[in-house]
Amino acid sequence: MSVIGAGLCWTAGVGSGFYLLDPGEICDVSRLSVPVTSPDAVTIEEHLSLPVRETCVWAGGIHFELVPSWVNPMIVVFLAALALSLVVCVAGLVTRRRRRRAVMN
């Protein structure tokens, strides 16, 4: 379940900056919340590994993050839950083998 949760959050983060034709299309919505003075050229900087980042960058140096703020913390939570569950699983197997050996002897 943790792998699925982390995968879905990563997909939501990567998909937040998905565009088909022009980076300006996806960044048009963010123009309403960012004070861009002119319709300069816009690019999208992508970082698809952790932390997931997709940022609109205008020629004037103004940045706007497209990935929602909850995505990266949730990926970390899911991966931590996965690591914890694996540790508990291994500890359970080790304990079970020790008990079997103690009963057999």
Side-chain angles (χ1 to χ4, degrees):
M1 294 300 284
S2 296
V3 172
I4 293 171
L8 288 175
C9 287
W10 182 82
T11 303
V14 170
S16 64
F18 181 72
Y19 58 93
L20 293 175
L21 300 174
D22 183 23
E25 291 176 2
I26 193 69
C27 295
D28 279 342
V29 176
S30 62
R31 287 181 189 258
L32 300 175
S33 60
V34 177
V36 178
T37 56
S38 64
D40 292 333
V42 62
T43 59
I44 294 182
E45 292 178 355
E46 295 179 330
H47 187 260
L48 301 180
S49 61
L50 290 178
V52 178
R53 287 190 317 252
E54 299 217 12
T55 308
C56 290
V57 181
W58 283 271
I62 298 172
H63 297 350
F64 183 77
E65 182 63 40
L66 295 172
V67 176
S69 61
W70 58 268
V71 169
N72 288 315
M74 287 305 296
I75 292 173
V76 171
V77 167
F78 281 122
L79 292 178
L82 174 64
L84 181 64
S85 64
L86 290 175
V87 167
V88 169
C89 181
V90 169
L93 288 173
V94 169
T95 303
R96 184 176 177 189
R97 285 187 181 188
R98 285 183 183 170
R99 286 183 182 168
R100 277 189 181 174
R101 286 183 184 167
V103 169
M104 294 178 94
N105 290 334

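- In this structure, I4 shares a hydrophobic cluster with L8, the cluster being traced through Ile, Leu, Val, Met, Phe, Trp and Tyr side chains under 4.5 angstrom apart.
- Under a hydrophobic-cluster definition in which Ile, Leu, Val, Met, Phe, Trp and Tyr are linked whenever side-chain heavy atoms come within less than 4.5 Å, directly or via other members, L84 and F78 are assigned to different clusters.
- In terms of modelled atom types and a separation under 3.5 Å, the side chain of W10 and the main chain of L50 share no donor-acceptor contact.
- For the side chain to side chain contact (heavy atoms under 4.5 Å, CB included) with V14, the qualifying choice from E46, E54, H47 is E54, the only one to do so.
- Counting only heavy atoms from C-beta outward, the side chains of R53 and E65 approach each other to under 4.5 Å.
- In terms of heavy atoms, A6 sits closest to L79 at CB-CD2, 4.0 Å.
- Minimum interatomic distance between I75 and C9 (heavy atoms only, all atoms of both residues): CG1-CB, 3.6 Å.
- Linking ILVMFWY side-chain heavy atoms closer than 4.5 Å, directly or via other members, places L48 and V71 in a single hydrophobic cluster.
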